[in-house]
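Report on the structure given below.
The shown structure was predicted, so the numbers you read here are calculated from the model rather than taken from an experiment.
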Amino acid sequence: MESFALRSLSISASSSASFLSLRRSPSRSSLSLLKPSFPVYSSPTVRSLSVSSPRFTLRATASSASSSPQKQNIPQSSSPPPQGAKLIPLAISVSIGLIVRFLIPKPEQVTSQGWQLLSVFLFTISGLVLGPLPVGAWAFIGLTASIVTKTLSFSTAFSAFTNELIWLIAISFFFARGFIKTGLGDRIATYFVKWLGKSTLGLAYGLAFCETLMGLIMPSTMARAGGVFLPVIKSLSLSAGSKPGDPSSRKLGSFLIQTQLQCSGTSGALLLTSAAQNLLCLKLAREVGVVLTNPWVSWFKAASVPAFASLLCTPLIIYKLYPPELKHTPEAPAAAAKKLERLGPITKNEWIMLAAMAFTVSLWVFGEAIGIASVVSAMIGLSTLLVLGVINWDDCLSDKSAWDSLTWFAVLIGMAGQLTNLGVVAWMSDCVAKLLQSLCLTWPLSFVILQACYLSIHYLFASQTAHAGALYTAFLAMHIAAGVPGVLAALCLAFNNNLSAAMAHYSSGPAALYYGAGYVDLKDMFRLGFVMAFVQALIWGFVGSFWWKFLGLY
C-alpha cells in the first residue's frame, strides 16, 4: 500500500511549484514557501503516509498596500451550505406521489389502502433517486407520510425494524470496523496488492473470483460482503488515498465497490448454496411440481458457463463505464512485500478478530442445522469482539453508516412487505399474465418478457428473499402456462433473482452495505445498476441459451 503513497510524492516537471506563493508588501518583497501538508493515517499496526497534493503549483498573490501578511493568511469565510431540502427534487417527488394517488384511476383489484401505499412508496423511491435530502432523512419522511396519511399504523410502519436482514447489515458494518481497527483488513489488503496489485483491474478480478470461491464455505452474499470484502476494499482504498464522501473516492474505492457489488449477484447465482434465496426458490419450485434431480450438481451445471462468462466480462465493462483514476501500480507488489515485513507477525487482536470471524462463519455455514439463524451468529461474533475488547461500544455508536443504513433500509423493507400484503404486487403479476395471454406469443418470447418483468419488478423490493417469496411461484406458474420447460423456467427465475442484487442501493443487503460505505453516489448506483442489470441479462441470456440447449434443458 505504501506504493500508493509514494506515487503521490512525484513532482511535475511543469512550470509549477506547489504552495509556493509570491508576496509583496510596501516595505519589502518576500518569498514564502508553504509546506505541503502530510496527513498520517494510523492504526494499531500500520501507519501510511499520504500527501495532500500530488504536484506543485505556482501561485502569485497580489495584496493592497493596506493588507498585512497576517490578514493574508486568514482564509476567506465560505458561504454556509444550503439548509433544508432541494426544492426542485422535492417538488418532483411530491408530484409523483400525488399524481399516482389522485389522478391515476385505482384498479378495482387493489384496495384504497394498497393504492395509497403505492403512491407513498413511489414518492419515497423518487426522492431517493432525485435526492432532495440525504437517504436516511428522506426515508424517514416517507415513513412519516405513511403514518400521517393513515396508510399504515405506527406499529406496522415500524415493524420492519425488527427484520433480521437489516440488523445483519448493521452488525456487518461493526465487523468491518473491527477489521480496520485491528489492522487485519489492512494486512489482508496488502496481500492482495502483493499478489494482484500491478493494476486496478487485476485487483477487481482477484476480489471477484475470491468471493466466488468463498461461496463454497460462506452461503450468504451479505456475510461475504460485510464480513470479508468491504473491509478489504476500504483498506485498499484508504491506503491509496481514496476516501469516502470525497472527490478522491473515484481514485479507487468507487470502482472496486461497484465491481464487487455487480459481481456479487453472479457469485450468488453460481452455486445452490451461495445465497440463501436459492434454496427458497428450489423449495417453491417443488411446490409447483418442478423437481430437480441432484439439485446441487444440476444447478451448478446450468449456471457455470454463463456465470463465468459474466465474471470475466463484468469488471472490464465497469472499468470502461466507471473508470478508476488510478489504473496502474507496477511498483505496488514489491512495496507491499516490504510493508508485510515491517508489519511483522499477526498481533493478538488480529488473531482474536480472525478467530471470531472463523467462528461466525462456521455458524453461518452450519447454524441452520442446529437452529441458529445468520443474524444470531453475527450477534454472537460481535458480542465476542466486545467482550474481548477488540472493539468497544463507542466504535459501534460512532459508525454513522451502520445506523443510517439500518434506518432507511428498514423503511423500504417495511413498505415493500406491505405492498405484497395488500395485494399490489399480486395485481401487477396478474396484469402481466393477462397481457401475455392476449398476445398469444411463442414460449421463447413469453420467456423473455416474463424474465424481464420479474427483474424489473425488483425495484419494488428491498430484499431478494422477499422478492422470491412474493413472486417466484406466480411467475413460475406463468412460465409453465406459456409452454416454457419447467426446469429451465425454475432455474432462470432463480438466477434472475440473484442478478437483481445491484439494481439500486436498496435492492439487496450487499447493495445497502456497499452504498453505505460512502464511495458511490446515489445517482451512480441507479445509473450503473440499471445499465449492468441489462448487460447481465444479455450475457446470461446469450451465453446461457446455447449452454442450456447443449444441456438439454429445452
Ring centres of [X] and [Y] under 6.0 Å apart?
X    : Y    : result
F495 : W299 : yes
Y322 : F255 : no
F123 : W138 : yes

N/O donor to acceptor pairs below 3.5 angstrom from side-chain atoms of residues 402-417, sequence neighbours left out:
residue	atom	partner	partner atom	Å
W403	NE1	C396	O	3.0
S405	OG	S401	O	2.9
T407	OG1	W403	O	2.9

Nearest heavy-atom contact between S267 and S264 is OG-O, 2.8 Å

query: Should the pair F526 and Y459 be assigned to parallel (<30°), tilted (30 to 60°) or perpendicular (>60°) ring geometry?
result: parallel

What is the ring orientation for Y191 with W195, classed by angle as parallel under 30°, tilted 30 to 60°, or perpendicular over 60°?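 Tilted: the ring planes of Y191 and W195 meet at 30° to 60°.
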
The side-chain hydrogen bond (donor to acceptor under 3.5 Å, both in side chains) partners of Y454 (sequence neighbours excluded) come to N497

Partner residues of N498 under the side-chain hydrogen bond (donor to acceptor under 3.5 Å, both in side chains) criterion, sequence neighbours left out: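 Listed in chain order: Q277, N278.
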
- Message: I'd like to know if the side chain of Q536 pairs up with that of S310 as donor and acceptor (distance under 3.5 Å, no hydrogens or angles considered).
- Response: yes

request  = Tell me yes or no: between the side chains of S248 and D246, is some donor less than 3.5 Å from an acceptor?
outcome  = yes

Keeping the roles fixed (side chain from [X], backbone from [Y]), state whether a donor-acceptor pair exists under 3.5 Å.
X    : Y    : value
S274 : A269 : no
S242 : G253 : yes
K251 : A240 : yes
S249 : G245 : no
N496 : Q451 : yes
R177 : D395 : yes

Reported [atom1]-to-[atom2] distance for the pair [X] and [Y], which is rounded to 0.5 angstrom:
X    : Y    : atom1 : atom2 : result
F534 : I539 : CZ    : CD1   : 11.0 Å
F308 : F209 : CZ    : CZ    : 7.0 Å
L207 : T259 : CG    : OG1   : 9.0 Å

| said: If the test is ring pair (Phe, Tyr, Trp, His ring centres under 6.0 Å), which one of Y515, Y514, Y519 qualifies with H505? | reply: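 So, applying the ring pair (Phe, Tyr, Trp, His ring centres under 6.0 Å) to H505 and each of Y515, Y514, Y519, only Y515 qualifies.
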
request  = Verify side-chain contact (heavy atoms from CB on, under 4.5 Å) between Q258 and M525, making sure each step is shown before the conclusion.
outcome  = CA-CA 8 Å; Q258 277 288 0; M525 286 291 293; 3.8 Å; yes

- Full working for side-chain contact (heavy atoms from CB on, under 4.5 Å) between F175 and L385: CA-CA 9 Å; F175 264 108; L385 296 179; 3.8 Å; yes

Could you give me the CA-CA distance, side-chain angles and deciding distance for T347 and E350, then say whether side-chain contact (heavy atoms from CB on, under 4.5 Å) is met? CA-CA 5 Å; T347 63; E350 286 179 279; 3.0 Å; yes

